[in-house]
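Below: the structure, in C-alpha cells.
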Amino acid sequence: QVQLVESGGGSVQTGGSLKLSCTAPTYIMSYCEMGWYRQVPGKERELITKNGAYYADSMKGRFTVSQDKTDNMLYLQMNNLQTSDTAMYYCAAERCWGTATSYWGQGTQVTVSS
C-alpha cells in the first residue's frame, strides 16, 4: 500500500503562515506528478498546485510549493492566510508512471480565524 502522509496543519489567525509537509516513497516522488489540493466540506476539491504550476488566482503570491526528493518530502508554504483558506489540505501523487493511477494522503486541517 502506498502511503502519503501530510502534516503541518493547524489553527492560525489571518495574516499568519503555515508550512505543510507531505512524505511519500521515493518511487512515488520520481514517477508521479506531485501536487496539493484542498477541500471544504460540501464543496468541490480545489487544485492548489501541481508540478509547481497551476496556482489558483487567489493563492498566487501567497502559496509556494517546493520538493526535496532526497528526503522524499513535498512542501507547501502558505503565507498571509485568510479565513477563506480554511480547508482540509491534501497531498496528491497523480498520473503515476504515465498512467491514470493516483494516490492521496489523509489530509491535514488548516483553520484560519479572524
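Every value quoted in this text rests on a predicted model; they were computed, and no experiment measured them.
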request  = Decide yes or no for Asp85 and Arg62: does some side-chain heavy atom of the first lie under 4.5 Å from some side-chain heavy atom of the second?
outcome  = yes
Give the table of side-chain donor-acceptor pairs shorter than 3.5 Å for residues 106-114, with sequence neighbours excluded, one pair per line with atom names and distance.
residue: Gln106; atom: NE2; partner: Glu6; partner atom: O; Å: 3.2
residue: Thr108; atom: OG1; partner: Gly9; partner atom: N; Å: 3.1
residue: Gln109; atom: NE2; partner: Ala87; partner atom: O; Å: 3.3

request  = Output all residues satisfying ring-ring contact (aromatic ring centres under 6.0 Å, His included) with Tyr55, sequence neighbours left out; order by chain, then residue number.
outcome  = none
ask   = Run the side chain to side chain contact (heavy atoms under 4.5 Å, CB included) check on Thr86 and Val40 step by step: do they pass?
value = CA-CA 7 Å; Thr86 296; Val40 176; over 6 Å; no
Point-to-point distance, once rounded to the nearest 0.5 Å, from CE of Met78 to CG of Leu20 = 4.0 Å
request  = Treat each ILVMFWY residue as a node, draw an edge where side-chain heavy atoms are under 4.5 Å apart, and state whether Ile48 and Tyr90 are in one component.
outcome  = no
task = Would you indicate whether the side-chain heavy atoms of Ile28 and Gln3 approach each other to under 4.5 Å?
result = no
ask   = Which other residues end up in the same hydrophobic cluster as Tyr75, if Ile, Leu, Val, Met, Phe, Trp and Tyr are linked when side-chain heavy atoms come under 4.5 Å apart?
value = Met73
task = Please check if Met59 and Val12 belong to a single hydrophobic cluster, counting links between Ile, Leu, Val, Met, Phe, Trp and Tyr side chain heavy atoms closer than 4.5 Å.
result = yes
Pairwise side-chain hydrogen bond (donor to acceptor under 3.5 Å, both in side chains) hits with a residue in residues 40-51, at least two apart = Arg38-Glu46
key: Sequence neighbours excluded, every pair satisfying salt bridge (charged side-chain N to carboxylate O under 4.0 Å, His left out) that has a member inside residues 99-108   = none
task = Mind listing the closest non-hydrogen atom pair of Leu74 and Met29 along with its distance?
result = N-CE, 3.6 Å
task = Would you mind listing every disulfide (SG to SG under 2.5 Å) that reaches into residues 69-114, with sequence neighbours excluded?
result = Cys22-Cys91, Cys32-Cys96
Distance in Å, Tyr103 OH paired with Leu4 CG, rounded so as to fall on 0.5 Å steps = 9.5 Å
ask   = What pairs with Thr101 under side-chain hydrogen bond (donor to acceptor under 3.5 Å, both in side chains), at least two apart in sequence or on another chain?
value = Thr99
inquiry  = Considering only residues two or more places apart or on different chains, which pairs with a residue in residues 40-77 satisfy disulfide (SG to SG under 2.5 Å)?
reply    = none
request  = Would you please name every residue forming a side-chain hydrogen bond (donor to acceptor under 3.5 Å, both in side chains) with Ser17, sequence neighbours left out?
outcome  = Asn79
key: Residue pairs involving residues 19-31 (criterion side-chain hydrogen bond (donor to acceptor under 3.5 Å, both in side chains); sequence neighbours excluded)   = Thr26-Asn72
Minimal non-hydrogen separation, Asn80 against Gly15, with atom names = OD1-CA, 3.7 Å
request  = Taking the six-membered ring for Trp and the single ring otherwise, decide whether the centroids of Tyr37 and Trp104 are under 6.0 Å apart.
outcome  = yes
inquiry  = Going by salt bridge (Lys or Arg N to Asp or Glu O under 4.0 Å), name the residues that satisfy it together with Arg95, two or more places apart in sequence or in a different chain.
reply    = none
key: side-chain hydrogen bond (donor to acceptor under 3.5 Å, both in side chains) partners of Gln39, counting only residues at least two apart   = none
ask   = Of all heavy-atom pairs between Gln77 and Leu18, which one has the smallest distance, and what is that distance?
value = NE2-O, 3.5 Å
note = Between the OG1 atom in Thr14 and the CG atom in Leu81, the distance rounded to the nearest 0.5 Å is 9.0 Å
